[in-house]
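Written below as structure tokens is the structure these notes are about.
In listed order, ligands and their atoms are each counted from 1.
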Amino acid sequence: MDDTIAAIATAMGPGGLAVVRVSGAESLRVADAVFRGSAPLARALGHTLHHGWAVATRDPGGAGETRLDEVVAAVFLGPRSYTGEDTVEFSCHGGELPARRVLGALRAAGARLAGPGEFTLRAYLHGRLDLAQAEAVADLVHAETESASDLALAQLSGTLSRRIASLEDRLADSAAEVEARVDFAEDVGGIETPAHVRDEIRDVSDELTRLLAGAPWARAVREGVRVPLVGRPNAGKSSLFNALLGEDRAIVTDEPGTTRDRVSERLEISGVAVTLSDTAGVHTAASEVEALGVERALATLDGAAVVLWVVDGAAPFTPPDQALAAKLTGRRVLAVLAKSDLPAVATAESLAWGAGARPARVVRVSATTGAGLDVLREALASLLGADQAGGLAGAVANPRHADSLEHARAALVRAAGAAAQSLPGEIVALELRDALAALGEVTGRNVSEDLLERIFARFCIGK
Ligand SMILES: Nc1nc2c(ncn2[C@@H]2O[C@H](COP(=O)(O)OP(=O)(O)O)[C@@H](O)[C@H]2O)c(=O)[nH]1
Ligand SMILES: [Mg+2]
């Protein structure tokens, strides 16, 4: 962390501006080797802008300079900078070459090319952001809906971190108290865990339960979900796909088996980026191309958040429908009785499964009239967890965080059990320390190098 790093912070390609960032103990010296303005940047105050030229030395002897670009240098002095270190940001003209050449000159002057997320990693290592906040930076960059962006901003501003940190503080107090009683067992009345500590353990555990209840929805908002439509040929999948997208995208015909490959489109449902995929009808395929489509349709089920099982509501429910139903066992299924504008033949009762599983919801829709589409969208959102979620501020969107909180909660359940059975205080304390360590994986009070590496590998270079 002692060296000085540099990278292009903006996306490559033609554009208005391109920003090259330098950070580290030597960043002002390195920047001055490249910058020609009215005064050296080393003399600048923090949070100031300086117009000038970026130059490259023409030969190793240092005789003569070539102008690379006209730039504005922004100087931030540590610790009041993004990374916490002295930082210079050169705003270059947009396009790849000016920024690339300025970066080259900075490297020639001694800066090292930054790795992915290394500026943010430094912000974390210097205590400018905790780990959950640093991860929110990447979430913000990757957000595809306004809700995902709001969620990331709330996490970046520390809403989740504060909730977890306060739980950490409370558990640390409880653990210290239990440990003190163990150490001075004779003085403070034996091994009983006091009632107020037991209450505290239960309260913290309840708070974790509340946080985790909203986690599936928050994750759906953060990452988006995949929702495949499956069903027999002619059930009305492509029509529904089009109706949900509000445009004609997939081919609709009267001839069964026309959709031979899947067609995917993005849409937004209650702030979640949903990748909807229309698939070939699942049945015994007549041709080879079709068989391939059917195979792919079944493959899309893996990793799908919810499967939309489309059944022709205007036709009898048949053994092939039943066969498909069996393939859906164990998935989270939203059944759609399509063509509700026609007289109903198949009903919610007809959707009897073979192997014990049942659709979570059944909704009647008509792609032709649009009836039921809103109910379908709502049912989908509620299956994704919208019902359990409170607000998105302070929500647990990152599965890594959810795993750690789950771990902490399990340890607290064990701690409460041990306390209830009047087991030795050492055991209660051990479980409390385990819970604390798990919470520390979220805020970063307890993380390995390895974990940090994995987290920051997701970042862009220059962030
Ligand atoms: N009346 C009515 N017909 C529909 C509706 N949805 C689909 N269809 C018709 O059912 C047939 C098959 O539809 P399609 O979407 O291609 O089914 P897929 O094979 O499951 O993709 C076509 O003739 C559609 O016009 C609907 O909501 N109402
Ligand atoms: Mg189709």
Side-chain angles (χ1 to χ4, degrees), residues 226-267 269 274-302 304-328 331-351 353 359 361-380:
R226 282 201 315 105
V227 176
L229 288 104
V230 300
R232 286 210 298 133
N234 243 21
K237 297 179 296 298
S238 299
S239 304
L240 178 60
F241 179 82
N242 291 338
L244 283 169
L245 287 166
E247 59 177 86
D248 282 349
R249 180 66 182 74
I251 317 153
V252 179
T253 60
D254 294 323
E255 188 192 328
T258 324
T259 310
R260 290 198 171 145
D261 204 347
R262 66 193 153 97
V263 185
S264 287
E265 284 288 345
R266 274 304 179 92
L267 71 159
I269 292 180
V274 175
T275 304
L276 201 63
S277 51
D278 186 16
T279 62
V282 179
H283 68 127
T284 323
S287 72
E288 217 168 288
V289 183
E290 216 186 305
L292 199 64
V294 172
E295 216 167 275
R296 286 198 194 147
L298 288 172
T300 60
L301 302 185
D302 292 327
V306 173
V307 178
L308 282 188
W309 177 32
V310 184
V311 177
D312 189 341
F317 192 77
T318 59
D321 288 303
Q322 192 107 37
L324 172 59
K327 292 205 166 71
L328 300 179
R331 318 258 176 199
R332 198 185 300 156
V333 175
L334 173 50
V336 180
L337 283 169
K339 312 186 191 180
S340 68
D341 54 296
L342 299 177
V345 178
T347 62
E349 289 73 44
S350 353
L351 309 181
W353 295 112
R361 284 282 298 274
V362 181
V363 178
R364 296 191 76 92
V365 303
S366 166
T368 306
T369 66
L373 288 177
D374 284 341
V375 180
L376 176 58
R377 288 189 191 94
E378 275 165 34
L380 189 58

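- Of the possible polar contacts, one joining the Asp321 side chain to the Thr318 backbone as a donor-acceptor pair under 3.5 Å is found.
- Of the N or O atoms in Gly236, one or more lie within a sub-3.5 Å distance of an N or O in ligand 1.
- The shortest N/O to N/O separation between Ala235 and ligand 1 falls below 3.5 Å.
- Not a single N, O or S atom of Ser239, from either the backbone or the side chain, sits less than 2.8 Å from the Mg ion (ligand 2).
- Residue Lys237 places at least one N or O, backbone or side chain, under 3.5 Å from an N or O of ligand 1.
- Between Asp278 and ligand 1, not a single N/O pair is under 3.5 Å apart.
- At a heavy-atom cutoff of 4.0 Å, ligand 1 is contacted by both the backbone and the side chain of Asn234.
- Less than 4.0 angstrom separates some heavy atom of Leu342 from each of these atoms of ligand 1: 1 (N).
- Looking at ligand 1, you won't find any N or O of Val365 less than 3.5 Å from one of its N or O atoms.
- For the side-chain contact (heavy atoms from CB on, under 4.5 Å) test, residues two or more places apart in sequence or in another chain that qualify with Leu267 are Leu244, Leu245, Ile269, Val274, Leu276.
- Legend: residues meeting side-chain contact (heavy atoms from CB on, under 4.5 Å) with Val345, ordered by chain and number and at least two apart, are Pro316.
- Counting heavy atoms from C-beta on, the side chains of Leu380 and Leu334 come closer than 4.5 Å.
- Here Pro233 has backbone heavy atoms under 4.0 Å from ligand 1, and that is the only part of it that gets that close.
- Proximity annotation for atom 28 (N) of ligand 1: of Asp341, Asn242, Leu229, Asp341 comes nearest, heavy atoms only.
- Residue Thr368 touches ligand 1 through backbone and side chain together, judged by heavy-atom distances below 4.0 Å.
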